[in-house]
Asker: 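Structure provided below as structure tokens; questions to follow.
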Amino acid sequence: MTIMVTGGAGYIGSHTCADLLAHGHDVVVVDDFSNSTPEAVDALRLVSGRDVASYRADVRDGAALGEIFAAHPIDTVIHFAAKKSVPESVQVPLDYYDVNVAGTASLVRSMTEHGVRRIVFSSSCSIYGDAHPEPLNEDDPPGPTNPYARSKLICEQLLADACVASTDLSAIALRYFNPVGAHPSGDLGEVPTGHFDNLMPRLCAVAAGQADKLQVFGTDYPTPDGSAIRDYVHVMDVAEAHRVAIDHLDDRAGMRLLNVGTGTGVSVLGLIDAFTRTCGVPVPYALAGRRPGDVASLTADPSRIAAQWGWRASRDVTQMCQDAWRFAVRHPVGYQA
Ligand code: NAD
Ligand code: WQD
């Protein structure tokens with residue numbers, strides 16, 4: 001297949017491209033490089049040993065998308081391109097609705113105009129909010145608590161509506177939990193170009209001596225060690241879920257929603273401990289207050305995707321830490337190193 005991958009230079013997009021290329025698919029990367037660099041595509045070429053078509057384009061630019069659809073025999077789209085910082089979304093919500101929602105509308109319109117009927121969309125566990133018993137399953141009513149999460153929920157609804165209007169459209173929204181880790185080569189990883197808030201990149205920065213201490217946000221949660229619990233899932237498992245999804249797009253038309261997580265929760269202190277033991281590097285940390293907007297625990301019920309497609313995460317927290325750290329050591333200043 002020839003797959004358009006929007007946001008293909010970003011963290012999850014680049015790893016998904018690597019997996020698709022390793023399994024014989026062709027990819028066409030479309031990225032405006034607002035949170036990545038063209039060097040990520042070079043790294044993708046290096047680890048895959050394949051050529052990769054790449055375009056600098058904004059998904060809101062219908063004319064640019066039209067030219068790309070016209071230039072390649074694209075049959076499937078995987079849509080990663082988005083803004084993804086929860087705190088930033090509270091500061092500049094209109095930017096989030098513009099890029100995430102208007103960007104998705106523009107892409108689906110362009111797909112439809114060019115006869116492309118298959119799309120996999122990056123959704124997020126953040127759409128569940130914090131009002132549910134765990135583990136979280138796809139039938140739990142959404143309760144997004146910030147503009148980023150609301151923009152993702154609107155995109156899911158947009159896709160469902162588009163599937164009603166175009167009855168041959170097939171859309172799958174994958175709700176990722178907390179992707180971490182890196183490609184096993186150590187040459188593809190997470191390289192945000194803007195400000196980053198996520199735990200694993202910060203943990204690696206402290207382990208590498210680029211920051212003094214990791215702040216542990218919240219030690220009074222109702223969890224066994226008091227720190228917050230998340231369902232960390234290896235980015236290569238997430239990548240594989242996309243390949244499995246595209247194999248199932250033709251099962252039926254319409255919209256489907258699936259969790260992508262392990263089903264196992266790990267606390268912040270638990271992740272620090274696993275990283276320290278696995279990588280043999282100390283991670284100095286300081287206990288701090290809760291981060292505004294955080295919830296105590298988010299763990300997936302991953303049984304639907306397992307039952308429907310046989311996909312299960314196969315990599316454990318040890319491997320997540322090993323692979324994240326291998327990339328951080330080999331590329332301490334990102335792809336420029
Ligand atoms: P990322 O920022 O590394 O990748 C997103 C890519 O999209 C970047 O390369 C960026 O330059 C590009 N982009 C942004 N706006 C664009 C636009 N208007 N036009 C074209 N390209 C644009 O993020 P990621 O972690 O790889 O996340 C990928 C997707 O998965 C996003 O949709 C995100 O919301 C979703 N998601 C991420 C996580 C996570 O924890 N990383 C969890 C759940 C869902
Ligand atoms: C994990 C835990 C922090 C940094 C967000 C989005 C979610 C998804 C993944 C996109 C929390 C704690 C963090 C630090 C810490 N993204 N932490 N010290 O907030 O669960 O999820 O990213 O869709 O939608 O909401 O991920 O990695 O930022 O935080 O103690 O320096 O680590 O407070 O408890 P989060 P995270």
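Throughout, residue positions are numbered sequentially from 1 according to the sequence presented. No hydrogens, no waters, no symmetry mates; every other heavy atom, side chains included, goes into these values. When a ligand or atom number is given, it counts from 1 through the structure's own listing order.
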Asker: Are Ser314 and Asp237 linked by a side-chain donor-acceptor pair shorter than 3.5 Å?
Answerer: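 Short answer, yes.
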Asker: For Asn198, is at least one N or O under 3.5 Å away from an N or O on ligand 1?
Answerer: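 Such a contact does not occur with ligand 1.
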Asker: Nearest 0.5 Å please: distance from the SG atom of Cys204 over to the NE2 atom of His331.
Answerer: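 Interatomic distance, Cys204 SG to His331 NE2, rounded to 0.5 Å: 13.0 Å.
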Asker: Please verify the inter-ring angle class for His79 with Phe121; under 30° counts as parallel, over 60° as perpendicular, anything in between as tilted.
Answerer: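 Answer is tilted, since the angle falls between 30° and 60°.
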Asker: Numbering the atoms of ligand 1 from 1, which are under 4.0 Å from a heavy atom of Tyr148?
Answerer: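 Every atom of ligand 1 under 4.0 Å from some heavy atom of Tyr148: 33 (C), 34 (O), 35 (C), 36 (N), 44 (C).
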Asker: What I want to know is whether Lys83 and ligand 1 share at least one N or O pair that is separated by under 3.5 angstrom.
Answerer: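 Among all N and O atoms of Lys83, none is under 3.5 Å from an N or O of ligand 1.
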Asker: Starting from atom 5 (C) of ligand 1, locate the nearest protein heavy atom and write down its residue, its atom name and how far away it is, to 0.1 Å.
Answerer: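 Minimum-distance protein heavy atom for atom 5 (C) of ligand 1 reads Ala82 O, 4.0 Å.
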Asker: When only distance counts, is Ala81 in polar contact with ligand 1, meaning an N/O pair under 3.5 Å?
Answerer: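 No; the residue has no nitrogen or oxygen that sits under 3.5 Å from a nitrogen or oxygen of the ligand.
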Asker: Quick check: Ser36 and ligand 1, any N/O pair under 3.5 Å apart?
Answerer: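 Min N/O separation from ligand 1 is below 3.5 Å for Ser36.
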Asker: Please say whether the positively charged group of Arg56, taken as NZ for Lys or CZ for Arg, lies over the ring of Phe33, i.e. under 6.0 angstrom from the six-membered ring centre and within 45 degrees of the axis.
Answerer: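 So Arg56 doesn't make the cation-pi contact.
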Asker: So which of Tyr176, Phe80, Phe177, Tyr232 gets nearest to atom 30 (O) of ligand 1, if we judge by its closest heavy atom?
Answerer: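 Answer by nearest heavy atom: Tyr176.
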Asker: Tell me which residues fall inside the under-4.0 Å heavy-atom shell around ligand 2.
Answerer: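 Residues near ligand 2: Val86, Ser124, Ser126, Tyr148, Asn178, Asp197, Asn198, Leu199, Arg202, Leu214, Gln215, Val216, Phe217, Ala228, Arg230, Tyr232, Val268, Arg291, Asp294.
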Asker: Of all the non-hydrogen atoms in the protein, which one sits nearest to atom 10 (C) of ligand 1, and at what distance?
Answerer: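 Among all protein heavy atoms, the one nearest atom 10 (C) of ligand 1 is Asp31 OD1, 3.4 Å.
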Asker: Without swapping roles, check the side chain of Tyr96 against the backbone of Glu88 for a donor-acceptor pair under 3.5 Å.
Answerer: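 No: the side chain of Tyr96 does not pair with the backbone of Glu88.
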Asker: When the ring planes of His72 and Tyr55 are compared, do they come out parallel, tilted or perpendicular, using 30° and 60° as the limits?
Answerer: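 Perpendicular.
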Asker: With distance as the sole test, does Glu190 use its side chain to make a donor-acceptor pair with the main-chain N or O of Ala324 at under 3.5 Å?
Answerer: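 It does not hold such a pair.
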Asker: Under 4.0 Å, heavy-atom basis, I'd like to know which part of His79 is in contact with ligand 1: side chain, backbone, both or neither.
Answerer: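 Neither part.
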Asker: Measure Ala40 to ligand 1 on non-hydrogen atoms and call it side chain, backbone, both or neither using the 4.0 Å cut-off.
Answerer: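 It is neither; nothing of Ala40 touches ligand 1.
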Asker: With a 3.5 Å distance limit and no angle check, can you tell me whether Asp140 reaches the backbone of Asn137 through a side-chain donor-acceptor pair?
Answerer: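 Present.
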Asker: Among protein heavy atoms, which sits nearest to atom 19 (N) of ligand 1, and what does the distance come to when rounded to 0.1 Å?
Answerer: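 Here the nearest protein heavy atom works out to Val59 N, 3.0 Å.
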Asker: When you measure from atom 37 (C) of ligand 1 to every protein heavy atom, which one gives the shortest distance, and what is it?
Answerer: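 Minimum-distance protein heavy atom for atom 37 (C) of ligand 1 reads Ile12 CD1, 3.7 Å.
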Asker: Looking only at side-chain N and O atoms, does Ser122 offer a donor or acceptor that is under 3.5 Å from a partner on Tyr176?
Answerer: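 Note: Tyr176 and Ser122 side chains meet the donor-acceptor criterion.
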Asker: Atom 39 (C) of ligand 1: which protein heavy atom is closest, and how many Å away?
Answerer: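 Protein heavy atom with the smallest distance to atom 39 (C) of ligand 1: Pro179 CD, 3.7 Å.
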Asker: Does Ser14 use its side chain to pair, donor to acceptor, with the backbone of Tyr11 at less than 3.5 Å?
Answerer: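 Yes: the side chain of Ser14 pairs with the backbone of Tyr11.
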Asker: Between ligand 1 and Asp58, is the shortest N or O to N or O distance under 3.5 Å?
Answerer: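 For ligand 1, there is an N or O atom that lies under 3.5 Å from one belonging to Asp58.
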Asker: Hey, are Asp19 and His242 close enough side-chain-wise for a donor-acceptor pair under 3.5 Å?
Answerer: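 Distance-only check fails for His242 and Asp19.
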Asker: I need the contact type for Ser123 against ligand 1. Using non-hydrogen atoms and a strict under-4.0 Å cut-off, is it side chain, backbone, both or neither?
Answerer: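 For Ser123, the contact with ligand 1 is made by the backbone alone.
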Asker: Name the closest protein heavy atom to atom 2 (O) of ligand 1, giving the residue it belongs to and the distance to 0.1 Å.
Answerer: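 Result: Asn35 ND2, 2.7 Å.
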Asker: Identify the protein heavy atom lying closest to atom 14 (C) of ligand 1, giving its residue, its atom name and the separation to 0.1 Å.
Answerer: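 Answer for atom 14 (C) of ligand 1: Ser34 OG, 3.3 Å.
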Asker: N/O of Asp32 under 3.5 Å from N/O of ligand 1, yes or no?
Answerer: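 For ligand 1, there is an N or O atom that lies under 3.5 Å from one belonging to Asp32.
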Asker: How close does the nearest protein non-hydrogen atom get to atom 3 (O) of ligand 1, and which residue and atom is it?
Answerer: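 Atom 3 (O) of ligand 1 sits closest to the protein heavy atom Tyr11 N, 2.8 Å.
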Asker: Could you work out, for atom 6 (C) of ligand 1, the closest of Ala64, Gly103, Gly7 by heavy-atom distance?
Answerer: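 Considering heavy atoms of Ala64, Gly103, Gly7, the nearest to atom 6 (C) of ligand 1 sits in Gly7.
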